[in-house]
Engineer: 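Supplied in structure tokens, the structure appears directly below.
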2 protein chains.
Amino acid sequence: MSQSANFELDAFLPYQLAILSSRVSAEFAEIYGRRFGLSLAEWRVVAHLSAADKVSTREVFARVDLDKAKISRAAQRLEANGLIEKRQSAVDRRLVEMSLTQKGRDMMAEIAPIARRFEADFLARFADGDGRAFQRLVMEALEASK
Amino acid sequence: MSQSANFELDAFLPYQLAILSSRVSAEFAEIYGRRFGLSLAEWRVVAHLSAADKVSTREVFARVDLDKAKISRAAQRLEANGLIEKRQSAVDRRLVEMSLTQKGRDMMAEIAPIARRFEADFLARFADGDGRAFQRLVMEALEASK
DNA sequence: AATATATCGTTGGAAATGAAATGAGTCAAA
DNA sequence: TTTGACTCATTTCATTTCCAACGATATATT
């Protein structure tokens, strides 16, 4: 009998990782969704903008793991809601430079501590120093899979 | 100036986790997609069935982190392709019992070692014993977030 | 038994998604 | 300086997804 067909999905790391990630994301999305009406794509865009302003769609695209169409649509909604500004780059007129408005910065100033707290709470679920170890290993895996 | 608005998305664990998970899933999906024409949902269903046969949609739903509609549609395609069988449960006629056909078992017998190899290769990217440590911590996190 | 309530899997339809097409702009080579 | 090959952001369109409704069945209450 082919015993190798007997496969334990639960013990399969890619699956475990997917479950963990989707749970954590869903938990956090619940917060910024309920509180600020943001979608995941919108959250990522404003979060990225808060660190590096004057950013083109293309740069966001390169850094944030969303496809161009999603970013473009997220940016449209963010602009409509007054959270970001978009303007054509003077240097290269194909590029759209996005930046947070004051309203956008205010919102990020509210979300940032909530996000940090969320992360801290998550890490606190681990025993002892395991939280930090976990984060270190996640970063190691990210480096290795680039 | 509100410095707390300055948020480093790259260093935010939920984001890191999402990136890592989607990269790993995409890599593996490439394999079962190209080689067996399976979607993610289909892969999960057959993988789950390989360990526990005679399973209702509802049980798959409970264990596999997919919504009912997706499972139902995945099962339809799998049945159409002769990989699973569906029959009404004699005990409770609302339930649909799914199980792998011989063809389905054969396919899983092919995929299983590929999956195990994929996982091993991924773990080997880590330094030293870090791979096992990582998997242990992922499981710890899953337990803690139930 | 009759009725009400809950659960099962599937389906319909609105919304989201992603791949490719589009149109505007840049740049290099002849 | 014209041509052609690229690149950028948006839009289009076919597909997928998700939620809620549905019909069928089961269970609890009267």
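Here is how names work: the chains are called A, B, and so on, in the same order as the sequence lines, proteins then strands, and each is numbered from 1. Every heavy atom of this structure was used, including side-chain atoms; hydrogens, water molecules and symmetry mates were not.
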Engineer: Measuring from atom CG of B/L78 to atom CD1 of B/I71, what distance do you get when rounded to the nearest 0.5 angstrom?
Structural biologist: 11.5 Å

Engineer: With side-chain contact (heavy atoms from CB on, under 4.5 Å) as the test, pick out the partner of B/S50 among B/L100, B/V45, B/I111.
Structural biologist: B/L100

Engineer: Using the ring centroid of each side chain, check whether B/F28 and A/F12 are separated by less than 6.0 Å.
Structural biologist: yes

Engineer: Looking at B/D130 and A/R136, is there a salt bridge between them, counting it only when a charged N and a carboxylate O are closer than 4.0 Å?
Structural biologist: yes

Engineer: With sequence neighbours excluded, tell me which residues meet salt bridge (Lys or Arg N to Asp or Glu O under 4.0 Å) with A/R125.
Structural biologist: A/E27

Engineer: Cluster question for you: counting only ILVMFWY and a side-chain heavy-atom cut-off of under 4.5 Å, with indirect links fine, are A/M139 and B/L9 together?
Structural biologist: no

Engineer: Does any part of the side chain of A/R63, heavy atoms only, come nearer than 4.5 Å to the side chain of B/D10, both counted from C-beta?
Structural biologist: yes

Engineer: Could you tell me, to 10°, how much the axis swings from one end of the helix from C/dA1-D/dT30 to C/dA30-D/dT1 to the other, five pairs per end?
Structural biologist: 10°

Engineer: State whether the side chain of A/S72 and the backbone N or O of A/K68 hold a donor-acceptor pair below 3.5 Å, judged by distance alone.
Structural biologist: no

Engineer: Using a cut-off of 6.0 Å, state whether more than 12 heavy atoms not belonging to A/D121 lie near its atom CG.
Structural biologist: yes

Engineer: Strictly below 4.0 Å, heavy-atom distances to any atom of DNA chain D: list the hits from residues 80-97 of chain B, or just say none.
Structural biologist: B/D92, B/R93, B/R94

Engineer: So does B/R93 get a backbone contact from the side chain of B/Q88, meaning a donor-acceptor N/O pair under 3.5 Å?
Structural biologist: yes

Engineer: Please give, in whole Å, the distance from D/dA9 C1' to A/E59 CD?
Structural biologist: 13 Å

Engineer: Please examine the side chains of B/F134 and B/F122, heavy atoms only from C-beta on, and report whether any two atoms are closer than 4.5 Å.
Structural biologist: yes

Engineer: Measure from the side-chain N and O atoms of B/E140 to the backbone N and O of A/G131, and report whether any donor-acceptor pair falls under 3.5 Å.
Structural biologist: no

Engineer: Along DNA chain C, 5' to 3', what are the outermost nucleotides having an atom less than 4.0 Å from a heavy atom of chain B?
Structural biologist: C/dT7 to C/dG13

Engineer: Just how far, in rounded Å, is P of D/dT7 from CZ of A/R58?
Structural biologist: 10 Å

Engineer: Extract from the structure each pairing of a protein N or O with an N or O of nucleotides 15-21 of chain D at less than 3.5 Å, listing the distance.
Structural biologist:
unit_1	atom_1	unit_2	atom_2	d
D/dC18	OP2	B/K70	NZ	3.2
D/dC18	N4	B/R73	NH1	2.8

Engineer: May I ask whether B/L95 and B/F61 are part of the same hydrophobic cluster, defined by side-chain heavy atoms of I, L, V, M, F, W, Y residues being less than 4.5 angstrom apart, directly or through others?
Structural biologist: no

Engineer: Could you tell me if the ring centre of B/W43 sits under 6.0 Å from that of A/F7?
Structural biologist: yes

Engineer: Could you identify which residues of residues 14-41 of chain B place a heavy atom less than 4.0 Å from some atom of DNA chain C, listed by residue number, or say none?
Structural biologist: none

Engineer: Does CZ in B/R23 sit with more than 12 non-hydrogen atoms of other residues, nucleotides or ligands closer than 6.0 Å?
Structural biologist: yes

